[in-house]
Structure formats: C-alpha cells, structure tokens
2 protein chains.
Amino acid sequence: MTRVLVVDDEPQIVRALVINLKARGYEADSAADGAAALRLAAARHPDVVVLDLGLPDMDGVEVIRGLRGWTRTPIIVLSARHSSDEKVQALDAGADDYVTKPFGMDELLARLRAAVRRAEPAGGGEEDVVEAGGFTVDLAAKKVNRDGRDVRLTPTEWHLLEVLVRHTGRLVGQKQLLQEVWGPSYGTETNYLRVYMAQLRRKLEADPSHPRHFITEPGMGYRFEK
Amino acid sequence: MTRVLVVDDEPQIVRALVINLKARGYEADSAADGAAALRLAAARHPDVVVLDLGLPDMDGVEVIRGLRGWTRTPIIVLSARHSSDEKVQALDAGADDYVTKPFGMDELLARLRAAVRRAEPAGGGEEDVVEAGGFTVDLAAKKVNRDGRDVRLTPTEWHLLEVLVRHTGRLVGQKQLLQEVWGPSYGTETNYLRVYMAQLRRKLEADPSHPRHFITEPGMGYRFEK
DNA sequence: CGGCGGCGTCAGGGTTGCGTCAAGGACGAT
DNA sequence: ATCGTCCTTGACGCAACCCTGACGCCGCCG
C-alpha cells in the first residue's frame with residue numbers, strides 16, 4: 001500500500017486530504033509543522049510527501065532540504081503563494097512538483113499518482129538482487145539467502161543492510177547510517193551500529209571476525225563490498 | 001549535455017523556448033506536430049520532452065501514450081486549458097508535470113530541472129574520481145586505490161587528502177588546511193601538517209622522499225598535482 | 001662561516017573508537 | 001500470565017589513531 005505523509009498547519013486541509021486519500025486506498029499520516037514532518041518521515045518512510053510551505057516553525061524550503069539530505073522520496077509542494085520565485089526555490093531545493101492553493105482535489109491526486117508512478121522500481125518488475133561472496137540480498141523481496149537457506153533478519157538488521165547495499169562500494173558515514181535507520185535525532189549513538197553490524201556479520205559473513213563484505217572504516221563509517 | 005525536445009505548433013513559443021534553453025546550455029530540438037514529435041523522440045532520444053497538448057494532427061494524450069510505449073523520458077505538458085479533466089488525463093497517461101499557459105519561463109525551467117534531476121541514475125550519480133600518477137582518489141566512495149589495492153586512510157589523513165584534491169593544482173595555505181581539517185581554532189600548529197603530509201606521501205607516493213604529487217611550498221602551504 | 005627557521009622523520013603515550021558479551025525491558029503472540 | 005523476540009544499554013579488553021616532543025637536515029640570511 002502506498003503511504004502518504006501530509007504536512008499542513010490548517011486542520012481542515014489536512015482532514016480533507018487524509019479523507020480523500022484513505023477513500024482511495026492510500027495510507028495517510030499527517031504533521032502540522034516542519035519538525036513533526038521530519039520526524040514522521042524518518043519513522044514511517046512514506047512513499048510520497050505532500051508539503052505545505054507555510055509552516056509555523058520553519059521555512060518550507062528548509063523542510064525540503066532536511067528530507068533531501070537522506071531520501072529521494074517524491075515531494076509535492078502546496079502553497080498559497082503564486083510567486084514564481086517561491087516555486088523556483090522549492091523546486092530547486094528538491095521538490096518534485098508545486099501546486100498552488102486553492103487546488104482541485106482531482107488534480108492533486110493525479111499529480112500524486114504521477115509522482116508515485118515515477119518513483120517505482122525503474123526497471124518495472126525485475127528484481128534487483130545483489131550477490132556477494134557466500135550470500136545474496138534481494139532488495140525487492142526483502143530476502144537474504146545464504147548457502148541455499150533463507151536467513152532471518154530482524155527489521156532493524158534488514159534496514160541497516162538495505163542502506164548499506166543500496167550504497168554498495170561507497171562509504172556510508174556513521175551519522176548517515178544512524179539517521180537513515182533510527183531517525184534524524186540519532187546521530188551519535190554509534191554503539192547501535194557496533195551491535196547491529198556485529199549481528200549482520202555473524203549472520204552473513206563466512207568468518208565474522210574477519211569480515212570481507214561489511215568493512216569498517218574507523219572513525220568514519222561502514223562500507224559494503226561485493 | 002542535456003537534450004530537450006520542444007513540441008508546440010506556435011512558432012513564437014517554440015522560438016522563445018529554444019532560445020532560452022540554448023542560452024542555459026541545453027541542447028534543443030523542436031517539432032510542430034505529434035507525428036514529428038514521435039519521430040524526433042525516437043531519433044534523438046531527448047532527456048526530457050516539453051509537450052503542448054493542442055497539436056494540429058493528433059490529440060496530445062495520444063502523443064504521451066506513444067512515448068510511454070517505449071520510454072520513461074520525463075514529459076512536461078504545456079496547455080492553454082485550465083480544466084481539471086485535461087490535467088488528470090494527461091498526468092494519468094504518463095505525463096510528469098503539467099504547466100498552464102501563459103507560463104513563467106523561470107518556473108518552466110525550474111520544473112524542467114526537477115524532472116531531469118529525478119531521472120538521473122538512481123544510484124546516486126556519476127563518480128568523481130581523480131587520477132594521479134600511480135593512484136586514484138574516489139571522492140564519492142571515499143576510496144583510494146593504488147596498484148590495484150585499496151589503501152587504508154585514517155579519518156584525518158582522508159580529510160586532509162580531500163581538501164587538497166578539491167583544490168587540485170592550486171596552492172592551499174597552511175592556515176587554511178589546518179582550519180579546514182582540525183577546526184577554526186587550529187591556525188598555527190603546522191607540525192600536524194608535517195606529520196600527516198608525511199603519512200600521505202608514505203601511503204601514496206611512489207618515492208615518498210621525492211614527492212611528485214604532494215608538493216611543499218615552503219613557508220606558504222601545500223599543493224596537490226595530478 | 002655560524003645561526004636560525006622551516007621541514008621531514010621517528011617513536012612513545014594518552015585517548016578514542018571498535019568488537020564482544022550479557023543483562024534488562026518493551027512488545028506481541030501463544 | 002508466560003514465553004519468545006527484538007531493541008536498548010552498559011561494561012570490558014584491545015587495537016588504532018592522534019598528539020607531542022626530539023632530532024637531523026637543508027636553505028637562507030646575517
């Protein structure tokens with residue numbers, strides 16, 4: 001099911017949107033200010049964000065930047081401002097679309113469908129499995145196989161693995177890892193990483209004490225190598 | 001270079017668009033009707049299509065479907081119609097965005113940038129690797145390779161290397177180096193530089209005592225040369 | 001010719017960061 | 001209510017890293 005995060009400080013707009021979305025089979029969360037929006041986005045991982053620019057606590061463009069710091073989730077901006085400048089700023093900050101209030105519900109939903117459709121697996125159905133040494137990771141099916149048997153991963157383990165695999169070969173900073181897996185407010189609890197990296201290695205590495213695929217770069221972060 | 005296909009039957013609009021696009025470094029083709037649009041899209045493989053719906057020979061939605069049959073290239077629709085129905089139809093047929101005439105050039109260009117940005121390689125873009133003598137530096141992956149083997153750098157070593165490489169060929173003052181790597185309050189501890197430059201040279205230079213890439217400018221700073 | 005400042009090298013010691021283990025607590029299922 | 005799973009948190013040993021001081025070399029200038 002597609003999950004939508006609605007961010008607006010006017011309750012009636014939020015209500016109208018949420019009702020319409022749920023009626024059409026979407027799952028909908030809502031937030032009334034920027035801080036809540038960033039928190040919810042991290043916690044719930046929506047498939048698309050509908051964002052009003054006129055929030056009480058922070059500039060809408062800042063919210064866009066906050067999201068774009070760690071995710072490519074589509075963002076559709078709502079705004080009462082018609083000014084061209086506003087639009088350009090929001091779009092260049094990373095927004096995907098810009099709709100001016102008052103808006104037609106049909107149009108918004110159509111734009112939402114377009115945004116979701118675009119974000120779908122690029123290939124269009126092919127699985128993307130990554131093979132490494134003695135095990136394979138299937139991103140689409142959320143499955144890990146080793147020596148012919150499926151490996152059971154806890155949600156957190158899987159999430160961590162997913163982030164690493166999506167950046168195969170590249171270093172992922174510990175702060176980035178923590179924020180992508182545990183949320184924006186977890187930037188320093190590096191002990192979480194140590195514990196969960198150990199579990200991943202125990203479950204996936206041939207020799208957990210001499211990892212060949214989950215490599216730690218001291219002081220910086222971790223790297224997944226095929 | 002990014003290639004844009006402009007489809008519209010009004011010559012002055014086409015002209016205005018093409019001029020603006022070329023002025024901003026885009027490559028631009030144009031078509032005046034649907035048949036030409038489909039032909040040109042197939043021949044030139046544009047990175048994004050700007051499509052007017054009011055074409056003389058066929059319905060704009062048909063053009064969208066014709067394109068979507070074989071490509072996911074972003075399509076930005078232009079139209080004089082404000083009706084919600086038109087927008088929904090176009091978007092659901094596979095358009096990525098819908099702009100009503102008259103439109104602001106700034107806004108259209110911003111939407112175009114957004115569309116192109118989205119379509120970029122999902123993985124995270126091209127690598128920027130710098131090659132020098134016997135080793136390569138990959139800024140994105142934070143990797144250094146020498147003679148086919150990965151070189152392990154400590155955080156401070158890497159940080160220093162990064163600053164130097166980002167200023168390839170130019171002199172970087174010692175004060176600037178110290179402040180960028182160790183923090184604003186470190187402006188005079190030049191011995192740090194000596195120690196860490198030595199380690200970089202030992203790890204990367206073919207002959208560390210006669211450096212060819214990490215060059216000392218006595219009394220001033222250091223310079224990285226390819 | 002002698003002094004001096006800047007640079008490169010080396011090695012030791014304090015500190016930080018990492019891996020590991022285990023216990024406690026929240027939550028849902030049986 | 002009991003069990004099991006998962007997440008969190010603390011403690012400990014160990015290795016790696018960062019800082020620091022000492023020494024010698026070279027070029028410049030008096």
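This one's a predicted model, so the numbers in the text were calculated from it and none came from an experiment. To find a chain, count down the sequence lines: A is the first, B the second, and so on, and within it residues start at 1.
Comparing atom distances between the Tyr196(B) side chain and each of dC6(D), dC19(D), dC7(D) picks out dC19(D) as nearest. Checking dT8(D), dT20(C), dC18(C) against every side-chain atom of Thr216(A), the shortest atom distance belongs to dC18(C). Counting only heavy atoms from C-beta on, Arg194(B) has its side chain closest to dT9(C) among dG19(C), dC7(D), dT9(C). Between dC7(D), dC18(D), dT9(C), one nucleotide has an atom nearer to the side chain of Thr154(A) than all others, and that is dC7(D). For Thr156(A), taking side-chain heavy atoms from C-beta onward, the closest of the listed nucleotides dC6(D), dC7(D), dC17(D) is dC7(D).
Between the C1' atom of dC26(D) and the NE2 atom of His210(B) lies a distance of 13 Å, rounded to the nearest Å. Between the CZ atom of Arg201(B) and the P atom of dC7(C) there is a distance of 11 Å, given to the nearest Å. A straight line from OH of Tyr192(B) to C1' of dG21(D) spans 12 Å, rounded to a whole angstrom. If you take CD of Glu217(A) and P of dC17(D), they are 10 Å apart, rounded to a whole angstrom. Rounded to a whole Å, the CG atom of Asn191(B) is 10 Å from the P atom of dC19(D). Between the CG atom of Leu193(B) and the P atom of dT20(D) there is a distance of 13 Å, rounded to whole Å. Here the P atom of nucleotide dG17(C) and the CE atom of Met197(A) are 18 Å apart, to the nearest Å. Note: CD (Gln199(A)) to P (dT5(D)) measures 13 Å, nearest angstrom.
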Exercise. Going through the distances and angles, do Leu78(A) and Leu108(A) end up as a side chain to side chain contact (heavy atoms under 4.5 Å, CB included)?
Worked result: CA-CA 9 Å; Leu78(A) 286 181; Leu108(A) 180 65; 4.3 Å; yes
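For the pair Ile76(B) and Val99(B), the minimum side-chain heavy-atom distance is below 4.5 Å. Looking at heavy atoms from C-beta onward, Glu225(B) lies out of side-chain contact with Arg212(B) at the 4.5 angstrom threshold.
At a threshold of 4.0 angstrom between heavy atoms, the contacts of Tyr222(B) are confined to the sugar-phosphate backbone, with no base atom among them. Using a 4.0 Å heavy-atom distance criterion, Arg152(A) is classed as a sugar-phosphate-only contact. Gln174(A) comes within 4.0 angstrom of sugar-phosphate atoms only, judged by non-hydrogen atoms across all strands, and of no base.
Under a cut-off of 6.0 angstrom, the local environment of CZ in Arg68(A) is crowded, with over 12 non-hydrogen atoms contributed by other residues, nucleotides or ligands.
Map Thr190(A) and Val195(A) each onto its nearest nucleotide of DNA chain C; the residue landing nearer the 5' end is Thr190(A).
Not one side-chain nitrogen or oxygen of Trp182(B) sits closer than 4.0 Å to the OP1 or OP2 atom of dC18(D).
For the atom pair Arg72(B) CZ and Leu67(B) CG, the distance stands at 14.0 Å (nearest 0.5 Å).
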